[in-house]
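Structure record follows, encoded as structure tokens.
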Amino acid sequence: MLFWGGANAVDNYVICATLSLMKHIIIAFLLVLSVGPVSARAENVYYNTSSKIYHKHGCKWAKKCTKSCVTVEKASAKAHGGRACHVCGG
């Protein structure tokens with residue numbers, strides 16, 4: 001898809017990649033806002049907004065998640081369609 005008249009394929013790729021990253025950042029921001037104050041009993045997990053998988057804090061896959069992971073309550077991750085990691089069980 002050509003966004004601007006003078007753009008070439010590389011420019012279009014960069015634009016699409018930037019828009020995709022912006023989408024993930026906005027989703028992460030909205031997830032953080034929807035959590036509100038964290039209670040003492042709430043279990044927090046790392047939620048990957050791209051894959052929709054949530055991990056426990058000690059999980060090796062949570063440590064590898066850099067761009068699309070946010071810390072949320074487990075209930076919030078489930079409410080947003082998240083599923084538990086197969087390694088740590090979320």
Item to check | Worked verdict on N44 versus K74 for side chain to side chain contact (heavy atoms under 4.5 Å, CB included) | outcome: CA-CA 6 Å; N44 289 337; K74 189 175 191 175; over 6 Å; no

Checklist entry - About how many Å separate NE2 of H55 and CG of N48, when rounded to the nearest 0.5 Å? => result 6.0 Å

Checklist outcome for this item: Between the NZ atom in K52 and the OG atom in S68, the distance rounded to the nearest 0.5 Å is 12.0 Å

Checklist entry - Can you name the salt bridge (charged side-chain N to carboxylate O under 4.0 Å, His left out) partners of K56, sequence neighbours left out? => result none

Checklist entry - What are the two closest heavy atoms between H80 and Y47, and how far apart are they? => result O-OH, 3.2 Å

Item to check | Backbone of I27 reached by a side-chain donor or acceptor of T49 within 3.5 Å | outcome: no

Next on the checklist: T71 vs H57, test: side chain to side chain contact (heavy atoms under 4.5 Å, CB included). Steps then yes/no.
Outcome noted: CA-CA 9 Å; T71 301; H57 288 281; 3.8 Å; yes

Checklist outcome for this item: Nearest heavy-atom approach of A84 to G89 is CB-O, 3.4 Å

Checklist outcome for this item: To the nearest 0.5 Å, atom NZ of K64 lies from atom SG of C59 at 9.5 Å

Next on the checklist: Suppose we screen for disulfide bond (SG atoms under 2.5 Å apart). Which residues come up paired with C85, at least two apart in sequence or across chains?
Outcome noted: none

Checklist entry - To the nearest 0.5 Å, how far apart are OG in S50 and NZ in K67? => result 10.5 Å

Checklist entry - Do the side chains of V72 and Y54 join up, straight or via other hydrophobic residues, at under 4.5 Å, putting them in one cluster? => result yes

Checklist entry - Do Y46 and V70 touch side chain to side chain, with heavy atoms closer than 4.5 Å? => result no

